[in-house]
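The block underneath contains the structure these notes are about, expressed in structure tokens.
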Amino acid sequence: MRISVRRQLPLERIKNFFEVSLGLSKEEAEKEAARCLQCKNPPCVKGCPVGIDIPSFIKLIKENKPKEALAKIKEKNNLPAICGRVCPQEDQCEAMCVLNKKKIPINIGALERYAADYGQAQRHEPVLGKEKAGVKIAIVGSGPAGLTCAADLAKMGYEVTLFESLHLAGGVLMYGIPEFRLPKKIVQGEVDYIKTLGVKVAADTLIGNTYSIDDLFKSGFKAAFVATGAGLPQFLGIPGENLGRVYSANEFLTRVNLMKAYKFPEYVTPINIGKKIAVIGGGNVAFDCARVSLRLGRQVVLVYRRTENEMPARKEEIENAKEEGVPFKTLTQPVKILDDGKGFVKGLECIAMELGEPDASGRRRPVPVKDSNFVLDVDTVIVAIGQNSNPLLPKVTPEIKTNEDGTIPVDENFMTSMTGVFAGGDIITGADTVISAMGAGKKAALAIDKYIRDGS
Amino acid sequence: MFKIIHKEELNKDTTGIIIEAGQIADKARAGQFVAVIVDENGERIPLTLADWDKDKGTITLIFQRVGFSTKKLGLLNEGDSVQHILGPLGHPTQVKKMGTVVCVGGGVGVAEVYPVSRAFKEAGNRVLGIIGSRTKELLILEDKMKTVCDELFVVTDDGSYGRKGFVTDALKELMGVIDKSSHNIYPELIYAIGPVVMMKAVAELTRPYGIKTIVSVNPIMVDATGMCGSCRCTVGGKTVFGCVDGPDFDGHQIDFNELTLRLRNFSEQEKSIGGQI
């Protein structure tokens, strides 16, 4: 039987911000690892965007060697404690697992997390004394793509500086994904690990403003990797959207996760939410917002214009939210946010939808049902309908061309239209998963290495 | 960490500090701001750059100690450090030679209008300054403004110094003089920074004249780099972000009422911790 990971009970966990998943015990991990068939030609590895040698690390867990298992994972993946928690394994390695044919794939995600957590506790990896090539590379943005690229380049011997505009490194892992899904201590641990590889972290530095890309080249950097992500919040464009207590998911999550508004006033950043919150959207970010709302002791309803089947969120997150009692209002499209007369939200006017013909994404397009308007009784609205690429850096760096949607086009070597400037992650793809950004960071690191070795 | 090397109390509720921040000073231009976290566990607040010195590698912040974080910032002394400063942020003020520019600053806004006035002056404009405060004791930077303005008009609400009245009264008078003059040469640009009510009044006054009027807004921000949207404003019916699209906007296009309301979004929470300093 596939092992399921123990989790905090729903009624307990909605009262705290501690991690929902409790991880595997030693016995559980070794038992699950023993189920692995150790395929000669393992399909799971093909499902991994960074190509981790999955059977080998699982075997090491089975042999009670978590430290070695972690080292094996780290050959390919610099952030296992993060990936073990937030990767959509069900669509990747576990989907490819031979045992998935019987619907009992190995719980690879939980095992990865186990190796990361237990291997880490006893980790002493001396990386000092490494030969430095003395070639400086700048990484712009410290999210999953930037962290991965920085780590890989540092391992190759480059002198890497990771620039971050916020006061803490980690990007979306710090400001976006909530504590109960990805504890910030874990993220900090991974950032600290990357520092031990020799990577310098320059926080409070907005490339484009504090330094231009030209400044970087002038001060001796030989290449730059732009991993600035998709952080530009989309709004609905409906009346009332600028009322008080209407938040973009980014603002809501940044206040709570990065600035720790849930510990106000110990942490000074406030959050102003009422009693009933409507979260608009059906992706992972929308679910994060809904579940944060619960933990702040509020009633919440998730408003989505299609049905549950079309929700882009991970199934696990949808299930978690259901267990915790998040009600869904599907086939519902907001049309107006009502004003209480004092500049704050009084309600959310919506229209019912039905599914019509499939659209470009292959999902059936929702169409409004005539005269079906109704008002949801809420006093706070969180808009979680997606993020676009961060426009700041390309805006002040005309040499870096952008596509119409704001993403940066790159060639097969991840190079942008500006020589020596590479890009990867959400800034080239639009909003995607943590692991695909990491995959891009890895490939870009190889491409940058080749570019440098070929004499630029 | 950013070290404070000089501190000065400009009046009973306004403080000026000079901070070591070479990389920000290097890039700073008039009209830009920085995002500041005063100490650990602090919030991120935007503060307009009052001055900078590229050679010394310093920036100057002048702020009114009205909110929780500005009060905390005011408690730091020379030798202490500000935890985090990010910048320079926002578009610089569009400065070019146009002729006559009127620069209006109210309250602590005088500190912020100073570098803008200087930039317009350096670009070869005739700069008329109008600065004001509630009362004489609260007026700041009059001497500095004199050095960058061809003419400077000073007003106080209570008449304790300069002319009695608001900055808009002085502006109205100025326009009246031009109305009656034979040349009828109006300023090319009015630039205003100060309380929202003041900027709104300035914009209303200049609207019938059709004189381009730029105001500098300071809405609530978190990241201050275009990612959260806390600072969104409506300009010409479109939603824009104060941090990356501003902070300068067309005073005849911006929705001042919405800006006023949005500035109150967290006043309840702010009040609840006000007494804890």
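Throughout, protein chains are lettered first and strands after them, A, B, ... in sequence-line order, and every chain is numbered starting at 1.
Heavy-atom pairs under 4.5 Å with chain B were tallied for A:Met259, A:Arg245, A:Glu251; the largest tally goes to A:Glu251. The choice from A:Asn250, A:Asn242, A:Leu243 that makes the most heavy-atom pairs within less than 4.5 Å of chain B is A:Asn242. Per-residue counts of heavy-atom pairs under 4.5 Å with chain A were compared for B:Arg44, B:Gln23, B:Glu258; the largest is that of B:Arg44. Note: B:Pro88 leads B:Pro88, B:Ala28, B:Gly226, B:Gly229 in heavy-atom pairs under 4.5 Å with chain A. Chain A forms the most heavy-atom pairs under 4.5 Å with one residue out of B:Gly90, B:Gly87, B:Ser230, B:Cys233, and that residue is B:Ser230.
Counted within 6.0 Å of NZ on A:Lys346, heavy atoms from surrounding residues, nucleotides or ligands total 12 or fewer; the atom is thus considered open. The neighbour count for B:Arg29 CZ, taken as heavy atoms of other residues, nucleotides or ligands under 6.0 Å away, does not exceed 12. The environment of B:Lys54 atom NZ is dense: over 12 non-hydrogen atoms of other residues, nucleotides or ligands sit within 6.0 angstrom. For B:Lys97, the NZ atom counts as loosely surrounded, since its 6.0 Å shell holds 12 or fewer non-hydrogen atoms of other residues, nucleotides or ligands.
For the pair B:Lys200 and B:Phe256, the cation-pi test (distance below 6.0 Å, angle within 45°) is failed.
Contact of B:Val222 with chain A is made through the side chain alone, with heavy-atom distances under 4.5 Å. Only the backbone of B:Ile85 comes within contact range of chain A, with at least one heavy atom under 4.5 Å from a heavy atom of that chain. There is no contact between A:Val396 and chain B, counting heavy-atom distances below 4.5 Å. Residue contact with chain B, scored on non-hydrogen atoms closer than 4.5 Å, involves the backbone and the side chain of A:Leu166 alike. Contact of B:Arg264 with chain A is made through the backbone alone, with heavy-atom distances under 4.5 Å. For A:Lys263, no part lies near chain B; criterion is any non-hydrogen pair under 4.5 Å. If you measure heavy-atom distances from B:Leu259 to chain A, you find no contacts under 4.5 Å at all. With a threshold of 4.5 angstrom between heavy atoms, A:Asn390 approaches chain B through side-chain atoms but not through N, CA, C or O. For B:Leu261, the part lying under 4.5 angstrom from a heavy atom of chain A is the side chain only. Contact of A:Leu258 with chain B is not made at all, since no heavy-atom distance falls under 4.5 Å. Heavy atoms closer than 4.5 Å to chain B are found in both the backbone and the side chain of A:Tyr211. Within the 4.5 angstrom heavy-atom criterion, only side-chain atoms of B:Asp245, from C-beta onward, approach chain A.
By the ring pair (Phe, Tyr, Trp, His ring centres under 6.0 Å) test, B:Phe266 pairs with no residue at all, sequence neighbours left out.
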Kindly indicate, with the supporting measurements, whether the criterion side-chain contact (heavy atoms from CB on, under 4.5 Å) is fulfilled by B:Asp51 and B:Ile59.
CA-CA 6 Å; B:Asp51 208 351; B:Ile59 58 169; over 6 Å; no
Apply the test salt bridge (charged side-chain N to carboxylate O under 4.0 Å, His left out) to residues B:Asp39 and B:Lys72: give CA-CA distance (whole Å), side-chain angles for both, the deciding distance (0.1 Å), then the verdict.
CA-CA 8 Å; B:Asp39 52 17; B:Lys72 275 204 142 174; 3.3 Å; yes
Chi angles and distances behind the salt bridge (charged side-chain N to carboxylate O under 4.0 Å, His left out) call for B:Glu204, B:Arg207
CA-CA 5 Å; B:Glu204 287 317 316; B:Arg207 191 190 300 274; 2.9 Å; yes
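Along residues 266-274 of chain A, the residues that come nearer than 4.5 angstrom to chain B, judged on non-hydrogen atoms, are A:Glu266, A:Tyr267, A:Val268, A:Thr269, A:Pro270, A:Ile271, A:Asn272 in order of number.
Look at A:Lys275 and A:Asp379 and you find no salt bridge, because none of the NZ, NE, NH1 or NH2 atoms lies under 4.0 Å from a carboxylate O. A salt bridge is absent between B:Asp250 and B:Lys212: the closest approach of a Lys/Arg side-chain nitrogen to an acidic carboxylate oxygen does not fall below 4.0 angstrom.
The aromatic rings of A:His167 and B:His84 sit tilted relative to each other, their planes meeting at an angle between 30° and 60°.
Across all their heavy atoms, B:Ile62 and B:Gly16 have their closest contact at CG1-CA, 4.0 Å.
A:Ser212 and A:Asp215 share a donor-acceptor pair across their side chains, judged by distance under 3.5 Å alone.
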